[in-house]
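Throughout, numbering of the chain's residues begins at 1 and tracks the sequence. Computed from heavy atoms alone, side chains included, the values below leave out hydrogens, waters and symmetry copies.
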Amino acid sequence: MLNPEIHSLKHIEERIINHSVESLILVLNTGALITPEAEAMIQALYSRSPAPVKVHLQTVAEKGPEKFMSTYYVGYGHQSIGDNGNTTVFIENVSMLAAKAFQDWALYSGQECSTRYIDFSQQGLMNPAGLPAGAQIQENWRTFYLHAFPILTTDLKIRFPKTVEEKDSIYEKAIKARAFDILRGFLPTGAVTSLAWHMNLRQAADQLKQLRHHPLEEVRAVANAVDTSLKTAFPGSFNFNQHEATENYNAAGAENYLYHDPTINDLTIAFDGIDRGILKTFADHLSTRPIKTELPRRLGLAGTLRFSFAIDFGSYRDIQRHRAVIQSMPLLTDEIGFESWYLDELTAELRTTALNLLVNQKNAINQLNLSSAVKQYYLPMGYKISHQVSGTLPALIYLIEIRATRFVHQTLAVRAYKMGEMLRELFAHHGLTIHLDSEVLKFDSRRGQHDIIKTT
């Protein structure tokens, strides 16, 4: 039975209409007594007074945090104060493109709906062109997705028969996960999703400064709605003045530098700035590192390295979750082509249907005469984007080892494995140990255990 207190949680709601889809923004204020602004104020008082926290609590109770935050955080520009108060924003019914825009932030924390657990027969589709032809294109992708699923699951059971040792329920989940992984390549990025954004007050303000100038109208609308909700929930922390010069600068950055040209294809090391001299001082640490153990962050002093490669948008959604590396924001186009893995995993009959669908849909999308940015809503996640990942060795090796396994989507797992092999060869003389799954392409039913079960 639900705790009745759940229904009285303090929150702020904002609803907006984006291309006929109603999006919901909900700001959760979990502090019934100690709000995020009060928490920030209490911690900030330590910088000026060694008094016990109970004294600071009394100060907050007497004076209130709103005026304090408005004066010292917003007014005087003591930005670090905003790092001390946290909140969570829930953003529902937005496109996958909008979700990626909010998550394109090194300090993002949160979760998004997985394509393995969404019922796409019921899911909304964002149609920014507002044309019946655009809606039909998106429905054509969904129709193929729904038609192919039962056929594909039957075929997968033939290709990967259940063993005696495997539990029926786990095996069934693993087969479905594999089918979802294959068919997600045919879902348009205009399909709606939901995400949670957990951040401190400063991060929220900084990210919104960029998002309100995003090339996509939907992202700008959602960013403004989130900003309005946060101002309502925490008026002392979100009453910043918008300076024209700064706004123009951020707008120019979004227009000219957010997306980049889709020219990358092969996986390469585009930049190597690793200081081998520093690596020598870590030789023993590099060679003796146990599996599932991270390299020390101080090894980042050796510099950074950048990989460039093409990858399908679906697997870009997966790799973008890694916040310790810097990643480019892709522009989804049909120029590099459709990832062949999604086609190769289909039955012969489904593959023929899919190939015809890709040709017909590409022509139909081009006839909409949309900008490159808006065209993304009608393209499926199987199309490849050009991507760049830059980071220190600790950050890159963590990403590689966690993604180069049989339990990760294969189009990402294969690239992560190759990245690991490239680093292994590059730093062979420095004792670098990288732990990779030697059977990264193997179907393993244990993937069916990677689930979050709703409890009652």
Test Phe186 against Phe338 for ring pair (Phe, Tyr, Trp, His ring centres under 6.0 Å), laying out the working first.
CA-CA 10 Å; Phe186 300 92; Phe338 195 82; 5.3 Å; yes
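- Annotation: the span from Glu218 atom CD to Ser23 atom OG amounts to 6.0 Å, rounded to 0.5 Å.
- Distance alone, capped at 3.5 Å, places no donor-acceptor pair between the Arg317 side chain and the Met381 backbone.
- Annotation: ring-ring contact (aromatic ring centres under 6.0 Å, His included) contacts of Phe443 (sequence neighbours excluded): Phe160.
- Between Arg159 and Glu345 a salt bridge is recorded (basic side-chain N to carboxylate O distance below 4.0 Å).
- In this structure, the side chain of Asp227 does not engage the main chain of Ala223 through any donor-acceptor pair within 3.5 Å.
- Put simply, the side chain of Ser194 never gets that close to the backbone of Glu92: no donor and acceptor are under 3.5 Å apart.
- Smallest separation of non-hydrogen atoms from Leu201 and Ser237: CD1-OG, 3.6 Å.
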Please lay out, stage by stage, how Leu187 and Tyr145 fare under the test side-chain contact (heavy atoms from CB on, under 4.5 Å).
CA-CA 7 Å; Leu187 289 174; Tyr145 179 97; 3.5 Å; yes
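- Arg289 places a side-chain N or O within donor-acceptor distance of the main-chain N or O of Thr293, the cut-off being under 3.5 Å.
- In this structure, CZ in Arg178 is found 6.5 Å from CG in Leu156, a value given to the nearest 0.5 Å.
- By the 4.5 Å heavy-atom criterion applied to side chains, His387 and Phe307 are not counted as neighbours.
- Using a 4.5 Å cut-off on side-chain heavy atoms (C-beta onward), Gln207 and Tyr108 make no contact.
- Partners of Arg351 according to the salt bridge (Lys or Arg N to Asp or Glu O under 4.0 Å) rule, which considers only residues two or more places apart in sequence or in another chain, do not exist here.
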Walk me through it: do Glu172 and Lys157 pass the test salt bridge (charged side-chain N to carboxylate O under 4.0 Å, His left out)?
CA-CA 9 Å; Glu172 289 291 335; Lys157 289 178 180 179; 3.1 Å; yes
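- Under a 3.5 Å cut-off, the side chain of Glu401 and the backbone N or O of Asp437 do not form any donor-acceptor pair.
- Between the side chains of Gln410 and Trp341, at least one donor N or O sits under 3.5 Å from an acceptor N or O.
- Identified under the side chain to side chain donor-acceptor pair (under 3.5 Å) test for residues 359-369, with sequence neighbours left out: Asn140-Gln361, Asn366-Lys375.
- Judged purely by distance below 3.5 Å, without hydrogens or angles, the side chains of Thr411 and Ser315 pair a donor atom with an acceptor atom.
- To the nearest 0.5 angstrom, Ile311 atom CD1 is 9.5 Å from His409 atom NE2.
- Rounded to the nearest 0.5 angstrom, Ile175 CD1 and Thr153 OG1 are separated by 8.0 Å.
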Might you work through the salt bridge (charged side-chain N to carboxylate O under 4.0 Å, His left out) test for Glu339 and Arg415, ending with a clear yes or no?
CA-CA 13 Å; Glu339 170 58 56; Arg415 285 167 176 81; 3.2 Å; yes
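- Just one of Ile91, Thr193, Val94 meets the side-chain contact (heavy atoms from CB on, under 4.5 Å) condition when paired with Glu112; it is Thr193.
- Note that OG of Ser95 and CG of Leu125 are 11.0 Å apart. Values are rounded to the nearest 0.5 Å.
- Under the 3.5 Å distance criterion, the side-chain polar atoms of Thr246 are left unmatched by any main-chain donor or acceptor of Gln242.
- Shown here is Tyr398, whose OH atom has no more than 12 heavy atoms of other residues, nucleotides or ligands within 6.0 Å.
- Although no hydrogens or angles enter the test, the distance criterion places no donor-acceptor pair under 3.5 Å between the side chain of Glu13 and the main chain of Val27.
- The aromatic rings of Phe234 and Phe238 sit tilted, their planes meeting at an angle between 30° and 60°.
- Listed by chain and number, the residues in a salt bridge (Lys or Arg N to Asp or Glu O under 4.0 Å) with Asp168 are Lys162 (sequence neighbours excluded).
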Salt bridge (charged side-chain N to carboxylate O under 4.0 Å, His left out) for Arg142 and Glu139? Distances and angles first, verdict last.
CA-CA 5 Å; Arg142 173 155 49 194; Glu139 284 297 342; 2.8 Å; yes
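- A donor-acceptor pair under 3.5 Å is absent between the side-chain atoms of Asp334 and the main chain of Gly337, judged by distance alone.
- The main-chain N or O of Leu332 is found under 3.5 Å from a side-chain atom of Gln376 such that the two form a donor-acceptor pair.
- For Thr304, the side-chain contact (heavy atoms from CB on, under 4.5 Å) partners are Phe271, Ser390, Thr392, not counting sequence neighbours.
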Show, in sequence, the C-alpha distance, side-chain angles and deciding distance for Tyr342 and Leu346, and conclude whether the side-chain contact (heavy atoms from CB on, under 4.5 Å) test is met.
CA-CA 7 Å; Tyr342 292 105; Leu346 298 174; over 6 Å; no
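- Considering only residues two or more places apart in sequence or on other chains, Thr347 meets the side-chain contact (heavy atoms from CB on, under 4.5 Å) condition with Ile151, Asp155, Glu349, Leu350.
- Put simply, OH on Tyr378 and CD on Gln138 are 5.5 Å apart, with the number rounded to the nearest 0.5 Å.
- Each of Asn93, Val192, Ile17 was compared with Glu22 under the side-chain contact (heavy atoms from CB on, under 4.5 Å) criterion, and only Ile17 meets it.
- None of Val219, Asn224, Asn250 except one satisfies the side-chain contact (heavy atoms from CB on, under 4.5 Å) rule with Leu211; the exception is Val219.
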side-chain contact (heavy atoms from CB on, under 4.5 Å), that's the test. Do Asp318 and Val408 meet it? Break it down for me.
CA-CA 9 Å; Asp318 297 335; Val408 171; 5.6 Å; no
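- Scanning all heavy atoms of the two residues, the minimum distance from Pro394 to Pro296 falls at CG-O, 3.5 Å.
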Could you go through the side-chain contact (heavy atoms from CB on, under 4.5 Å) check for Leu379 and Thr189 one step at a time?
CA-CA 6 Å; Leu379 290 169; Thr189 61; 5.5 Å; no
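- In this structure, the side chains of Leu152 and Leu183 come closer than 4.5 Å at one or more pairs of heavy atoms.
- Checked by atom type and distance alone, the side chain of Arg297 never pairs as donor or acceptor with a backbone atom of Leu295 at under 3.5 Å.
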